[in-house]
Novice: 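The structure follows.
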There are 2 protein chains.
Amino acid sequence: MKYFITGGAGFIGSNLCDRILKNGHEVVVFDNFSTGLNDFLEISRKDKKFTLIKGDLLDTEQLNNAIIGSDFVFHLAANADVRFGTDHPSKDLQQNTIATFNILEAMRVNGIKKIAFSSTGSVYGEASVIPTPEDAPFPIQTSLYGASKMACEGLIEAYCEGFGFQSWIFRFVSILGERYTHGHVFDFYRQLLADPTELKVLGDGHQKKSYLYVQDCIDAILCAITHSNANVNIFNLGTDEYCEVNDSISWICEHIGVKPKRDYTGGERGWIGDNPFIFLDCSKIRSLGWKPKYSIKEGIIKTMEYLEKNQWVFEKR
Amino acid sequence: MKYFITGGAGFIGSNLCDRILKNGHEVVVFDNFSTGLNDFLEISRKDKKFTLIKGDLLDTEQLNNAIIGSDFVFHLAANADVRFGTDHPSKDLQQNTIATFNILEAMRVNGIKKIAFSSTGSVYGEASVIPTPEDAPFPIQTSLYGASKMACEGLIEAYCEGFGFQSWIFRFVSILGERYTHGHVFDFYRQLLADPTELKVLGDGHQKKSYLYVQDCIDAILCAITHSNANVNIFNLGTDEYCEVNDSISWICEHIGVKPKRDYTGGERGWIGDNPFIFLDCSKIRSLGWKPKYSIKEGIIKTMEYLEKNQWVFEKR
């Protein structure tokens, strides 16, 4: 099998790439390196079955050429920045919705019909049902990011119905682990490196969030693709637990042995569109036999260990 | 109040325009006349408070200039063609999703914060709950049209959260009545004008559909805008009944006194992505005091009467 991974030089994409190559398959990584890093492909690069194409999903000609001959698409490339969506309102539309349309068209034109897509628990907005199942009540979007990912899901589903595609759509909680360079653990650790006596925390610290360790995430993706065979396969991916931002801070501080003064910006939301409680019902993916090997706390510690050993990532961000 | 109506030269838009002018307000119609017709603005045109701008929502500069000074946007412009979505996959993305983003941006830049939007019952895909309420289970899209309208809804909702907009989102069943020039009554009547002895019917005729008369639709829209004041207001709009395509054919044939042989293409769906059962739960809009004045049958008869008196519309299609 030849897999085409968009965003394959990114955090999750590069880990997935390593894994798929290890499983003996061919991989083409397509990445514009807007957040992806060459260093993340250090292992993959050594494999003869690996091809890297530096390209942009908005360049349809380049994309159409690059995708020829692939059997299966992992579409992970995205603007994954939830928080600053309102600073540049067109970014999620361009890099998520339109980019996804371009991938679907490139697949259609080239007769490629299988796609796995990294969506997000943010599509549930502020869910009325918690833990939130895949068939939760029709959500109201609260961020441009969530809105764009829901738009991508809809496009993919319509291609399944209209053009006989098959899809696996994964609604992730926040993912943590090796090559993580974006999000709260990264931000907190960077702050504490600069000044271990003070930590600025968005909101009141009581926001309840879920996290999943990247290797668990990849296990789940591969499990679903192997064992779920509907036309449209939608799965929440997370752990069966959540933590408060304050818990996470305590684990981070304990791990590096600091006791900063916590300076809260206040309010139950860290920013406009921040969801004060994300907790997904993952019984559907668990029914396929998958379960996470790591708890949220263990995932955070593994992330800290990675960041400690790879402080160069702070230079590149 | 000055209302900006996109698609204001279209079927629903022009009827809305007439009504709003009659209520004493100013109206700017913005329409690219891809399906809108100058003839539909015959009444509005006589009003001093009416302005017509021929323009395209994909021309952002023109749009930004046209919208200046408006207080409220009715965004009705769309590619409303559900059936042929797969013939031109980018059309719904361009004319619905991106056009809606452009309107939202034009509003944001100009400090306009209220928008009413014509969505569709198609966003529910093949609903698992019938009659389908606004908070039905998270749908799976079955058409590029439905997917694009869901994308528009998400964008509008995100602008409400991120930029303090207020929105009224209407999920229509099929609308019928004066100036209707698109859909099954139009198609059947055109066929019967050409040959009253035979009628080609897509599917098996047992598809269950809902229809609403255009003036009832406009009453509902104005009722919701007046009486529902949340940040995001979502309403299904339809009657409390549905009919089979076969019922509809019988009413049409009875009305014009013909008995054609019905030639069914077969299958429970008329085309790929056709929904064999659309029936919306409209108790939310009814709780505001609105109810339709006309039944589905009456709406179809009124539509036939319009088409009989205005056969020129067949020339223009």
Side-chain angles (χ1 to χ4, degrees), chain A residues 60 85-87 89-90 92-94 97-98 100-102 104-105 108-109 123-129 132-164 167 169 171 230-232 234 269 271-274, chain B residues 60 85-87 89-90 92-94 97-98 100-102 104-105 108-109 123-129 132-164 167 169 171 230-232 234 269 271-274:
Chain A
T60 53
T86 51
D87 290 354
S90 72
D92 289 304
L93 177 75
Q94 295 283 340
T97 311
I98 296 174
T100 296
F101 174 78
N102 289 349
L104 291 166
E105 273 298 280
R108 184 178 70 81
V109 168
V123 296
Y124 297 115
E126 293 199 6
S128 54
V129 179
T132 310
E134 289 85 353
D135 62 352
F138 204 135
I140 292 174
Q141 298 306 312
T142 53
S143 68
L144 289 163
Y145 174 70
S148 71
K149 286 289 189 177
M150 186 177 69
C152 296
E153 291 193 7
L155 279 166
I156 292 167
E157 293 157 3
Y159 270 70
C160 288
E161 181 75 20
F163 301 114
S167 67
I169 293 171
R171 296 180 182 149
N231 237 7
V232 174
I234 301 177
R269 287 171 187 76
W271 62 86
I272 291 175
D274 185 26
Chain B
T60 53
T86 51
D87 291 353
S90 71
D92 290 303
L93 177 75
Q94 294 284 339
T97 311
I98 296 174
T100 297
F101 174 77
N102 289 349
L104 291 167
E105 273 297 280
R108 184 178 71 80
V109 167
V123 296
Y124 297 115
E126 293 198 7
S128 55
V129 180
T132 311
E134 289 85 353
D135 61 352
F138 204 135
I140 292 175
Q141 298 307 311
T142 53
S143 68
L144 289 162
Y145 174 70
S148 71
K149 285 289 187 175
M150 186 177 70
C152 296
E153 291 193 7
L155 279 166
I156 292 168
E157 293 158 3
Y159 270 70
C160 288
E161 181 77 20
F163 300 115
S167 66
I169 292 170
R171 295 179 183 151
N231 238 7
V232 174
I234 301 177
R269 287 172 186 75
W271 60 86
I272 291 176
D274 184 24

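Atoms considered below: every heavy atom in the structure, side chains included; atoms not considered: hydrogens, waters and symmetry mates. Letters A, B, ... mirror the listed sequences (proteins, then strands); counts begin at 1.
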Novice: Test of understanding: with ring pair (Phe, Tyr, Trp, His ring centres under 6.0 Å), list the residues that count as partners of A/Y124, not counting sequence neighbours.
Specialist: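 A/Y124 satisfies ring pair (Phe, Tyr, Trp, His ring centres under 6.0 Å) with B/F138 only.
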Novice: Under a 4.5 Å heavy-atom cut-off, does chain B meet the side chain of A/S128, its backbone, both or neither?
Specialist: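 Neither part; nothing is under 4.5 Å.
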Novice: Can you say whether A/V123 sits under 4.5 Å from chain B via the side chain, the backbone, both, or neither, judging by heavy atoms?
Specialist: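 For A/V123, the contact with chain B is made by backbone and side chain together.
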Novice: Do B/T97 and B/D92 make a side-chain contact, defined as non-hydrogen atoms from C-beta onward lying under 4.5 Å apart?
Specialist: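 The answer is no; the side chains never approach within 4.5 Å.
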Novice: Can you measure from CG (A/L144) to CZ (B/F101) and round to the nearest 0.5 angstrom?
Specialist: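 So the gap between those two atoms works out to 7.5 Å.
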Novice: So do the side chains of A/K149 and A/R171 get within less than 4.5 Å of each other, counting heavy atoms only?
Specialist: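 Of all side-chain heavy-atom pairs linking A/R171 with A/K149, none is under 4.5 Å.
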Novice: Go through the atoms of A/F163 and report whether side chain, backbone, both or neither lie under 4.5 Å from a heavy atom of chain B.
Specialist: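 For A/F163, the side chain is the part near chain B, not the backbone.
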Novice: Is any side-chain heavy atom of A/I140 closer than 4.5 Å to a side-chain heavy atom of B/N231?
Specialist: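 No. Closest side-chain heavy atoms not under 4.5 Å.
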Novice: Non-hydrogen atoms of chain B under 4.5 Å away: do they reach the side chain of A/E134, the backbone, both or neither?
Specialist: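 For A/E134, the contact with chain B is made by the backbone alone.
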Novice: Please find the pair of heavy atoms, one from B/P139 and one from A/E157, that lie closest to each other, and give the distance.
Specialist: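 The answer is O-OE1, 4.0 Å.
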Novice: So for A/S143, is it side chain, backbone, both, or neither that comes closer than 4.5 Å to the heavy atoms of chain B?
Specialist: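 The answer is the backbone of A/S143.
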Novice: Using non-hydrogen atoms only, which part of A/L104 is less than 4.5 Å away from chain B: side chain, backbone, both, or neither?
Specialist: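 Answer is neither: A/L104 stays 4.5 Å or more from chain B.
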Novice: Is it the side chain or the backbone of A/L155 that comes within 4.5 Å of chain B heavy atoms, both, or neither?
Specialist: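 Contact with chain B involves both backbone and side-chain atoms of A/L155.
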